Visitor: 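Okay, here's the structure, questions in a sec.
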Amino acid sequence: MRSDLFINGEWVSSDSDERISVVNPATGSEFHSVPAASVIDIDRAVTAAREAHKAWAEIGGKRRARYLHDMASQIGARREELARLEVADNGKPLAEAFDDMDEAARCFTYYAEHARALENKQFEILDWPHKEFRCRIRYEPMGVVAGIIPWNYPFLMAVWKVAPALAAGCTIVLKPSEITPLTALELGAMAREVALPPGVLNIVTGTGQGAGAPLAGHLGIDKIAFTGSVETGRKIMSAASRDVKNIGLELGGKSALLVFDDCDFENAIEWILFGIFWNKGEICSATSRVLIHRAIYRRVVDRLVEEADKLVIGNGLEDGVQIGPLVSEQQYKKVSSAISKGKAEGAMLLTSEQLPAHLPGGYFLRPAIFEEVDFSSDLWREEIFGPVLCVAPFDTEEEAIQIANDSEYGLAASVMSRDKERCDRVAISLQAGTVWLNCSQPNFVEAPWGGVKRSGIGRELGRWGLEGYLEVKQVTDFDTRERWGWFLG
Ligand code: NAD
C-alpha cells in the first residue's frame, strides 16, 4: 500500500503533515493512511504535468498506445491483489471488484487502439463544396487534465479518466476520493513499471476542500474531468468559469425502471434486483425508482421483497456475499437517515431490517424496498446512493413516462417489455443519457456514458470519451492558382 503522493514519476512526501485515515468499511477499523495534499503539493503536480505535456503530445499515438497496452497488462498481472485492496477500501464483494479490474484493463486496451488511430488523423480532409479552399481538421490534445473522482468505483473511475486522457496526448493530475484512495495510487506504481515518462500521470490524495478545490481552480489546468455529486459539480463549474476551462461532469441520478405487464417476468425480477442492489446500491445509475404496471404490481413486488430478504450480506471477501458494507460511516448514516425519514413520512418499508448476528462492526445495512412513497418526498426524488428501492404502480404507458421523467436527474432508465415497438417508443420519450431495454446497468467501454439534466455535461467512454480530451482545429488554405480579388478588386 502506498503512503505518499505520486508526482513527476516519483513517490514524494506531502508538504503537509496532515494525513487521512483509510478505514475498512467491513470492520470500521483504520488500516492505513494517506497524505492530505496541500495547495503546494497540487501546484507541484500541475507543474509536473505541464512540463511533461509537450513531449507526451509529440511522441505520437502509436507510442502512447504501447504504454497504454502495458498498463492494461500490469492490471492483468496484479488483478487479485488490486481486487482485494479494493474490497478492503470500498467494501464491495470480491467478484464485483474482479469485474472492475477486468473492465479497467479493457479500458486501457480500448483507448490504446484509439491512440494508435489518432496517429493517422493528423490532417483529416473535410469534404466540402468550396473548391478554391481546402479545409483540413486536426485533433490536438487539450493539455493538462484534472481528474477528480468519487469512491464507488475507485479504480475503474480513475482509469475511465486516465486512459482516454493519456490516449489523447493529455497529461493528468488525478485526485481520488479521500474515502477510497488506495487502488488509484497503485496506478502510480504501474506507471513506474511501464516507464511512463515522468509527469504524464500524477496522483494526489486529499480532501475535496484541501486538494480538489485548488486543483480545479489551478490556472495550469486546461480541462476538469469530474465524477461525483451534483453539489460538487456546481462548485467545479464555478471554479472552471474563472478562466473558462473545459469541463466534463458525470453526476448523480435517480433512475427509473418501467415494468410493463407483457415483460419476461423472471428476467425483469433479476435485472430489477441487480439494478439497485449491485455494488450495495452505490451506483450513480442505480434504477432506484421502479414503476410497475398495475396488473402485475403485487406479484412483482412480493417477489422482489422475497428475493431481497434472501440476499447475502457480509464482508465482501467472504464467499457468496452479495451485499457488502456501505463505504463509510458517513454514508451509512446518510442512507440510514433516508430510510428513517421515509418511514416517518409514511412510506411503507416492505423488507426486513434484521442484520445477521455475525456482523458486529462495519457499516452494514439490509436492502430496503419501499412502497406508498409520496412522489414529492426526498425518498422518491433525491439520490440516496445505497441499497434503497422505491416501487409504485402505473396504469398507462403515458403515465409511466411522465412519472419517470418527473425528476431533476437524467442519467439512465430501463424498460421491461416484450413489445419491441413499445420499448423503442418509450426509449425515445425517456429523458436519460442511457436507456436499457430488458436489462439494467450493463456498461461497455465502447458506448457513450453520461447524463442529461442535472446528471451532467458531456460523455465518457467510446469515441465520445476520447473527444472530450481533444481540441478540434480547422486548417484552411487557399489554392493560390486562383486569384481571389474580392476585397481589393
Ligand atoms: P463528491 O461530489 O462528494 O466527491 C467527488 C470528488 O470530488 C471527491 O474526490 C471529492 O474529494 C472531490 N471534491 C469535493 N469537494 C470538492 C471541491 N469543492 N472541489 C473539487 N473537488 C471536490 O461525491 P462522492 O460522494 O465521492 O460520490 C458520490 C456521487 O458521485 C454520487 O452523486 C454519484 O451519483 C456520483 N457518481 C456519478 C457517476 C457517473 O458516471 N455519472 C459515477 C459514479 C458516481
Side-chain angles (χ1 to χ4, degrees), residues 20 34 36-37 39 42 89-90 92 100 103 146-161 173-181 184-185 203-218 221 224-242 245 247-255 278-288 326-328 330-335 338 382-386 407-412 432-434 441 443 445 447-461 464-465 468:
I20 300 171
V34 293
V39 175
I42 297 298
D89 205 357
N90 166 281
K92 65 177 68 195
D100 290 1
E103 284 299 316
I148 302 179
I149 56 168
W151 43 256
N152 60 336
Y153 290 90
F155 192 70
L156 191 57
M157 292 293 108
V159 172
W160 278 17
K161 305 280 184 249
V173 179
L174 178 74
K175 194 203 87 64
S177 165
E178 55 272 45
I179 297 168
T180 54
L185 277 173
I203 308 163
V204 286
T205 52
T207 62
Q209 201 47 47
L215 177 59
H218 199 293
I221 293 293
I224 309 171
F226 173 76
T227 301
S229 62
V230 175
E231 194 188 336
T232 311
R234 285 197 187 98
K235 292 182 188 161
I236 297 285
M237 276 188 99
S238 117
S241 69
R242 193 161 63 107
K245 290 187 205 322
I247 50 169
L249 300 179
E250 298 287 342
L251 309 179
K254 189 79 181 180
S255 300
W278 176 54
N279 206 44
K280 333 152 228 170
E282 293 168 346
I283 323 169
C284 51
S285 53
T287 30
S288 51
L326 296 188
V327 74
S328 65
Q330 188 193 1
Q331 189 62 12
Y332 171 83
K333 285 183 176 159
K334 183 179 164 237
V335 179
E382 295 299 320
E383 180 181 51
I384 293 172
F385 220 58
S407 169
E408 290 174 346
Y409 297 105
L411 190 53
T434 295
Q441 310 303 323
N443 201 295
V445 70
W449 179 251
V452 300
K453 302 201 272 187
R454 290 194 189 168
S455 291
I457 297 176
R459 293 291 178 270
E460 290 198 288
L461 303 184
W464 304 270

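All figures in this text were calculated on a predicted structure; none of them were measured in a lab. Counting convention: from 1, in listed order, for ligands and their atoms alike.
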Visitor: Between CH2 of Trp278 and OG1 of Thr287, what distance do you get to the nearest 0.5 Å?
Guide: 10.5 Å
Visitor: List of N/O pairs, ligand 1 versus protein, all under 3.5 Å?
Guide:
{"from": "ligand 1", "atom 1": "2 (O)", "to": "Ser229", "atom 2": "N", "distance (Å)": "2.9"}
{"from": "ligand 1", "atom 1": "2 (O)", "to": "Ser229", "atom 2": "OG", "distance (Å)": "2.6"}
{"from": "ligand 1", "atom 1": "2 (O)", "to": "Thr232", "atom 2": "OG1", "distance (Å)": "2.7"}
{"from": "ligand 1", "atom 1": "9 (O)", "to": "Ile149", "atom 2": "O", "distance (Å)": "2.8"}
{"from": "ligand 1", "atom 1": "9 (O)", "to": "Lys175", "atom 2": "NZ", "distance (Å)": "3.2"}
{"from": "ligand 1", "atom 1": "11 (O)", "to": "Lys175", "atom 2": "NZ", "distance (Å)": "2.9"}
{"from": "ligand 1", "atom 1": "11 (O)", "to": "Glu178", "atom 2": "OE1", "distance (Å)": "2.6"}
{"from": "ligand 1", "atom 1": "11 (O)", "to": "Gly208", "atom 2": "N", "distance (Å)": "3.3"}
{"from": "ligand 1", "atom 1": "19 (N)", "to": "Ala213", "atom 2": "N", "distance (Å)": "3.4"}
{"from": "ligand 1", "atom 1": "23 (O)", "to": "Ser229", "atom 2": "N", "distance (Å)": "3.4"}
{"from": "ligand 1", "atom 1": "25 (O)", "to": "Trp151", "atom 2": "NE1", "distance (Å)": "3.0"}
{"from": "ligand 1", "atom 1": "26 (O)", "to": "Trp151", "atom 2": "NE1", "distance (Å)": "3.2"}
{"from": "ligand 1", "atom 1": "30 (O)", "to": "Gly228", "atom 2": "O", "distance (Å)": "3.4"}
{"from": "ligand 1", "atom 1": "32 (O)", "to": "Glu383", "atom 2": "OE1", "distance (Å)": "2.6"}
{"from": "ligand 1", "atom 1": "34 (O)", "to": "Glu383", "atom 2": "OE1", "distance (Å)": "3.4"}
{"from": "ligand 1", "atom 1": "34 (O)", "to": "Glu383", "atom 2": "OE2", "distance (Å)": "2.6"}
{"from": "ligand 1", "atom 1": "40 (O)", "to": "Trp449", "atom 2": "NE1", "distance (Å)": "2.9"}
{"from": "ligand 1", "atom 1": "41 (N)", "to": "Leu251", "atom 2": "N", "distance (Å)": "3.4"}
{"from": "ligand 1", "atom 1": "41 (N)", "to": "Leu251", "atom 2": "O", "distance (Å)": "2.8"}

Visitor: Using a 4.5 Å cut-off on heavy atoms from C-beta on, say whether the side chain of Tyr153 contacts that of Asn279.
Guide: yes
Visitor: Does the side chain of Cys284 reach to within under 4.5 Å of the side chain of Trp449, using non-hydrogen atoms?
Guide: yes
Visitor: Tell me, with the steps shown, if Tyr409 and Val230 meet side chain to side chain contact (heavy atoms under 4.5 Å, CB included).
Guide: CA-CA 10 Å; Tyr409 297 105; Val230 175; 3.6 Å; yes
Visitor: Using a distance-only test with no angle check, is there a side-chain donor-acceptor pair under 3.5 angstrom linking Thr227 and Lys161?
Guide: yes
Visitor: Looking at residues at least two apart in the chain, or sitting in another chain, which of them share a side chain to side chain donor-acceptor pair (under 3.5 Å) with Thr232?
Guide: Ser229
